[in-house]
Amino acid sequence: MNFYDMCLSADHPYIRYYGGDHLFMLAVLAVIVVALIRMAPSARQQREKICRWLLGIQIAQQCLLYSWYVFCTGFDLAEALPFHLSRITSLLILIWLFTRRAPLLQYIFFFGLYAYPTFFWPTAVYPLYHALGLSFFINHIVTIALPIFVGIAYDYRPTVAGLHKTFLCFCVYLLVIDVFNEAFGYNYFYTEARPFAFLNSLPDPIFYAMVLGVTYGVFWLAYGIYNRAFGPRRAQNTTLQAAGSGS
């Protein structure tokens, strides 16, 4: 197998659920999360340096992702547009790393919850040595780990106001992406070819009602777990207004 077939070809086989490649990805995530928790004081002290590293990583990931679509698929609009929720979240992360705008963290936290099912149950994902597989890996690691990092280093906490604003944005997103997919025959957010067989048998109104209901419930569950795990914000911390909870 030559370099193109192994690292760039769209015809390369996908990874298996909980096969060697997938388990390695999960292990790296676990190591990063444990390191953040165990080295919390260092994360707080070095947070600006860590953010600069994350910014470089995010820029490299975006370049890798869209370069692959340009050079290997001719930028196929059915796949290459930044309309998947994970790609929107990665762009929000990139903007936050540039600006430190506090309200962005609310959207990153709640939208980023969709990274969990796609990372723990990956569909059509290439191995790590493939350009798109590496892009997927970086994107999901950063999306899952960043809320933990900002909770430790910037005293971020999700808020009820942030939950409701993000859910409203999600409702608008779902409506727009459904109309867009119907108009052009695309499958962003997998509204047309759904990831599980039983979902494809559901009428559209039931499917979308289920998506909205489950999403709203998961937002509340994640809000409760995160705030319970991290506890109240540190009272003396006054440097977090530029990058903390926001509303």
Side-chain angles (χ1 to χ4, degrees), residues 1-33 53-95 97 108 111-146 173-174 176-178 180-200:
M1 184 179 291
N2 60 36
F3 175 81
Y4 178 85
D5 290 338
M6 184 171 69
C7 299
L8 297 173
S9 174
D11 297 323
H12 193 288
Y14 300 129
I15 65 172
R16 294 182 297 108
Y17 303 131
Y18 296 95
D21 293 279
H22 190 201
L23 290 175
F24 178 78
M25 293 180 184
L26 295 173
V28 171
L29 174 62
V31 168
I32 290 172
V33 170
W53 274 99
L54 286 174
L55 178 60
I57 290 169
Q58 281 295 96
I59 292 173
Q61 184 267 330
Q62 293 290 303
C63 291
L64 178 63
L65 174 66
Y66 292 107
S67 295
W68 185 83
Y69 278 116
V70 169
F71 295 112
C72 298
T73 73
F75 205 78
D76 180 5
L77 296 180
E79 298 286 343
L81 295 173
F83 293 164
H84 283 300
L85 205 56
S86 62
R87 294 180 188 172
I88 293 172
T89 306
S90 69
L91 290 174
L92 292 175
I93 290 171
L94 194 59
I95 295 169
L97 288 168
I108 289 167
F111 282 155
L113 296 173
Y114 267 96
Y116 284 86
T118 53
F119 195 72
F120 285 88
W121 195 262
T123 301
V125 173
Y126 294 106
L128 270 174
Y129 51 79
H130 190 281
L132 208 59
L134 180 60
S135 173
F136 169 89
F137 173 70
I138 294 170
N139 180 23
H140 285 70
I141 288 287
V142 173
T143 301
I144 292 172
L146 184 76
Y173 164 79
L174 199 59
V176 171
I177 211 66
D178 179 57
F180 182 79
N181 286 339
E182 288 283 348
F184 296 100
Y186 297 159
N187 192 38
Y188 290 102
F189 198 68
Y190 307 105
T191 61
E192 302 302 310
R194 297 163 189 168
F196 299 104
F198 81 94
L199 294 176
N200 288 302

So CD of Gln58 and CG of Asn139: to nearest 0.5 Å the spacing works out to 6.5 Å
Note: His22 and Phe119 closest approach over all heavy atoms is NE2-O, 2.8 Å
Measure the acute angle between the ring planes of Tyr66 and Tyr69, then classify it against the limits of 30° and 60° as parallel, tilted or perpendicular.
tilted
Requested in this report: Show the numbers, then the answer: is there a side-chain contact (heavy atoms from CB on, under 4.5 Å) between Met25 and Ile141?
Outcome: CA-CA 8 Å; Met25 293 180 184; Ile141 288 287; 5.9 Å; no
task = Classify the angle between the aromatic ring planes of Tyr116 and Phe120 as parallel (below 30°), tilted (30 to 60°) or perpendicular (above 60°).
result = parallel
Between the CG atom in Leu132 and the OH atom in Tyr126, the distance rounded to the nearest 0.5 Å is 6.5 Å
Side chains of Leu174 and Asp178 in contact at under 4.5 Å (non-hydrogen atoms) | no
Working note: His84 + Tyr190, criterion side-chain contact (heavy atoms from CB on, under 4.5 Å); need CA distance, chi angles, decisive distance, verdict. CA-CA 9 Å; His84 283 300; Tyr190 307 105; 3.9 Å; yes
Applied to residues 180-200, the salt bridge (charged side-chain N to carboxylate O under 4.0 Å, His left out) test, sequence neighbours excluded, yields Arg194-Asp204
Output for pair (Tyr188 OH, Asn181 CG), nearest 0.5 Å, gives 8.5 Å
So the side-chain hydrogen bond (donor to acceptor under 3.5 Å, both in side chains) pairs with at least one residue in residues 72-83 (sequence neighbours excluded) are none
Taken to the nearest 0.5 Å, the spacing of Leu97 CG from Ile108 CD1 works out to 7.5 Å
On a heavy-atom basis, the closest approach of Gly112 and Thr143 is CA-CG2, 3.6 Å
In terms of ring plane angle, is the pair Phe196 and Trp121 parallel, tilted or perpendicular, where the classes change at 30° and 60°?
tilted
Give the C-alpha distance, both sets of side-chain angles, the deciding distance and a yes or no for side-chain contact (heavy atoms from CB on, under 4.5 Å) between Ser135 and Gln61.
CA-CA 6 Å; Ser135 173; Gln61 184 267 330; 2.8 Å; yes
Rounded to the nearest 0.5 Å, the CG atom of Leu85 sits from the CG atom of Leu113 at a distance of 9.5 Å
Here the side-chain hydrogen bond (donor to acceptor under 3.5 Å, both in side chains) pairs for residues 7-18, sequence neighbours left out, are His12-Tyr129
Note: Pro127 and Pro13 closest approach over all heavy atoms is CD-O, 3.6 Å
Q: Might you confirm whether atom CZ of Phe75 has over 12 heavy atoms from other residues, nucleotides or ligands at distances under 6.0 Å?
A: yes
Correct closest heavy-atom pair for Ile32 and Ala145 would be CG2-CB, 4.1 Å
Would you check if Val28 and Phe137 make a side-chain contact, meaning some heavy-atom pair closer than 4.5 Å? yes
CG of Leu65 to CD1 of Ile138, rounded to nearest 0.5 Å, is 10.5 Å
All heavy atoms of Asn187 vs all of Thr191, minimum pair found to be OD1-N, 3.4 Å
Closest non-hydrogen atoms of Ile15 and Pro122, given as atom of the first, atom of the second and distance, are CD1-CG, 4.0 Å
Taking the ring of Phe189 and the ring of Tyr173, is the distance between their centroids below 6.0 Å? yes
Are side-chain N/O atoms of Thr118 and His140 paired as donor and acceptor at under 3.5 Å? yes
